[in-house]
There are 2 protein chains.
Amino acid sequence: MKLDSEHLEILAMIVEKGGLTEGAEALGKSQPSVSRTISNLEKRLGMPLFEPGRRPLQPTHFGRMLSEIGMRIYALNREAQTLAQNFTKGYAGHIRIGGTPIFMDGVISHMLADFQERAEGVQFDQSYGYFDSLLGKLRNKMLDMAILPMREDQIPVDCDFRPLIPGRNVIACRAGHPMTRKGPITLQEIDAYSWVAPPADSPLFRDLKGAITSIGSENFRFTFSGGTLASIQSFLIRTDCLTVLPYSVVYLMKGAGQIVSLPIKVAHPDRKLGVLTRKGEALSPMLKTFITFLEGQCENLECRMANEARIAKGRA
Amino acid sequence: MKLDSEHLEILAMIVEKGGLTEGAEALGKSQPSVSRTISNLEKRLGMPLFEPGRRPLQPTHFGRMLSEIGMRIYALNREAQTLAQNFTKGYAGHIRIGGTPIFMDGVISHMLADFQERAEGVQFDQSYGYFDSLLGKLRNKMLDMAILPMREDQIPVDCDFRPLIPGRNVIACRAGHPMTRKGPITLQEIDAYSWVAPPADSPLFRDLKGAITSIGSENFRFTFSGGTLASIQSFLIRTDCLTVLPYSVVYLMKGAGQIVSLPIKVAHPDRKLGVLTRKGEALSPMLKTFITFLEGQCENLECRMANEARIAKGRA
DNA sequence: AAGAATTCATACCATGATGGTATATAGGGA
DNA sequence: TCCCTATATACCATCATGGTATGAATTCTT
């Protein structure tokens, strides 16, 4: 015989509140309604749930035991309600995020950590990739969002792109590198050092080549390539190699005092680092909250970087 | 926003069974019915519970979390069902039982223990009393049943009485008592020993006086009175006192080899020990089961006592 | 790659549970 | 004993639920 959980919850509330009328009020129902519910339940069970003819309506032993189960069901129902609220209000959720390695490690991972603090219910599932694989995963719904550099004319028609920050690159090296001590930098000086490169299939690698070409150097050599940001960073710190990285990444690494950027103008691609999502699909509240958060953080970051640049210019 | 626990259970079952069709089958509903339930739930929550456009209907992160709560609710509901079954089938329940002390301690308590083994869900709440107090408690619904000696003409009109066993009394003493060694017993011999009596307000006390009178003794004295069966038993074992007890009580104590009955005919009141319940009120299944059990046990006991008597007579 | 098969969604109807208002009835207290 | 409050009943409206028939979409198969 199937019992209706709702009925058990009503029973629990009546026992809890110590009366039919009060229970009805707590449930937001009319007194006759709950009265009949209990009456029907008793009829179905074939046993009284309340002592008959007692004014403050005392539960039977049986009624009390059932009501305890009802109370637990009620608590679970409440739990489900708050869970649903957390999800629909964007306090909880699951976000599958993919992005280009360097930028993810160097910038986004910090923001993920910050976001985690304000939305404890969030759960990130991060992966790395470049344009093609990210787009594929996004379309296959294996990702909820992708973070990657993108030119305006590159944006797929079935996707929305929200720019976060310009894709400006800089040449970076360890703090205390010979290059940092001199004033104007000549081509020969740069040519004296070898380079650290990101994986050859990454857009950053193409940027690197473009950047080096743009400053006039033609015969450059790699000492290290293929590593993640952590490897690149470790390598840079311990050698006199140079590399090309997004300025935002270098900016955030500057805090540790180990990596600096060189004041050399490099050609920066007209791409922006941003968020790619499937078009025409409602973003989950959590995702919406998160993207908004990212936009705010990046705006803030850009502002700080601009400040820094102004100061540097003033000093120069 | 109130969620329907039923909906959560349906969700849980679908996730559990891995498909809408199978879930519907497990729930004993039609597929369109549960389909619509889920659809409505998603509409109400404003978030998808299942990944759209996936054929083996995969739950969302959100859907899975909700379904886990639903599963727990489902489990509780099942628990409530078995609880209700146990109560309605008489496998569980609460019995408030009152009775006269000696018979309760000497006979009924054994049967309570035996019953407990076969119906683990039972819960006894025992108390002691005599006719007036027992009847009062019964009428006030502070007791579900009373066990006491009763004459046919004494039965209150608002009560049902089910006899269990005749109220025959015997004179009891310790095993090895001088009286047990002799053949025929004379009045002088009995008069030599003092008596142990139950509480003065008990019917057994009146029986005691009647019994002693019936065997011709007139000047009897009490050495001990007012105790429960345990006290009486302890006292009897360590002294040469005599007492009057229901034969059933003595019979069950004989097993321990410390108390025996004397082969003296005493006037036995035409009362029967039995069960008193309120008339015109449906007995709970548990109570019904229990009373049936008591009747069986007492019938069995009576049979064994009759056997014993036949053997004794044959020996004499 | 197209058709078959399966799985899910929708439309429509019937019914029965639920909820409400009005009202009767029953305990409990003065 | 009477009154007050708490509970039960009667009656009605409605909406959620459940079912059958059917359409749509996706996966499997060939």
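Each chain gets a letter, A, B and so on, in the order the sequences are listed, and its residues count up from 1.
Taking a pair as Watson-Crick or G-U wobble with both distances under 3.5 Å, DNA chain D forms stems of 3 or more consecutive pairs at C:1-30 with D:1-30.
Atom OH of A:Y128 sits about 9.5 Å away from atom CD1 of A:I102, to the nearest 0.5 Å.
At whole-Å resolution of the value, CD in A:E22 and C1' in D:dT5 are 12 Å apart. Separating the CD1 atom of B:I10 from the C1' atom of D:dA16 is a distance of 12 Å, rounded to the nearest angstrom. Rounded to an integer number of Å, the gap from B:Q58 CD to D:dT27 P is 11 Å. Distance CD (B:E51) to C1' (C:dT7): 17 Å, rounded to an integer number of Å. As a whole-Å value, the separation of B:D4 CG from C:dG19 C1' is 15 Å.
Looking at residues two or more places apart in sequence or on another chain, you find a side chain to side chain contact (heavy atoms under 4.5 Å, CB included) between A:M145 and A:I95, A:I97, A:I147, A:V275, A:T277, A:L287, A:F290, A:I291, A:L294. In this structure A:K29 satisfies the salt bridge (charged side-chain N to carboxylate O under 4.0 Å, His left out) test together with A:E6, sequence neighbours excluded.
The side-chain heavy atoms of B:Y130 and B:P203, taken from C-beta on, include a pair separated by under 4.5 Å. Using a 4.5 Å heavy-atom cutoff, the side chains of B:Y91 and B:T289 are not in contact.
Comparing D:dT17, D:dA8, C:dC8 by their closest approach to the side chain of B:L57 singles out C:dC8.
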Show me the donor-acceptor pairs, under 3.5 Å and distance only, between side chains in residues 66-76 of chain A and residues at least two apart or in other chains.
{"residue": "A:S67", "atom": "OG", "partner": "A:R64", "partner atom": "O", "Å": "2.8"}
{"residue": "A:R72", "atom": "NH1", "partner": "B:E79", "partner atom": "OE2", "Å": "3.3"}

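Scanning both residues, A:L20 and A:Q31, for their nearest heavy atoms gives CD2-O, 3.4 Å. Of all non-hydrogen atoms in B:I10 and B:I38, the two that sit nearest each other are CG2-CD1, 4.5 Å.
Listed by first and then second residue, the side chain to side chain donor-acceptor pair (under 3.5 Å) pairs involving residues 133-153 of chain A are A:R96-A:D144, A:R139-A:D158, A:R151-A:D153 (not counting sequence neighbours).
B:H7 has no side-chain polar atom (N or O) that falls below the 4.0 Å cut-off from OP1 or OP2 of D:dA16. Residue A:T21 places none of its side-chain N or O atoms closer than 4.0 Å to OP1 or OP2 of D:dT5.
Contacts with DNA chain D (heavy atom under 4.0 Å) in residues 27-42 of chain A: A:Q31, A:P32, A:S35, listed by number.
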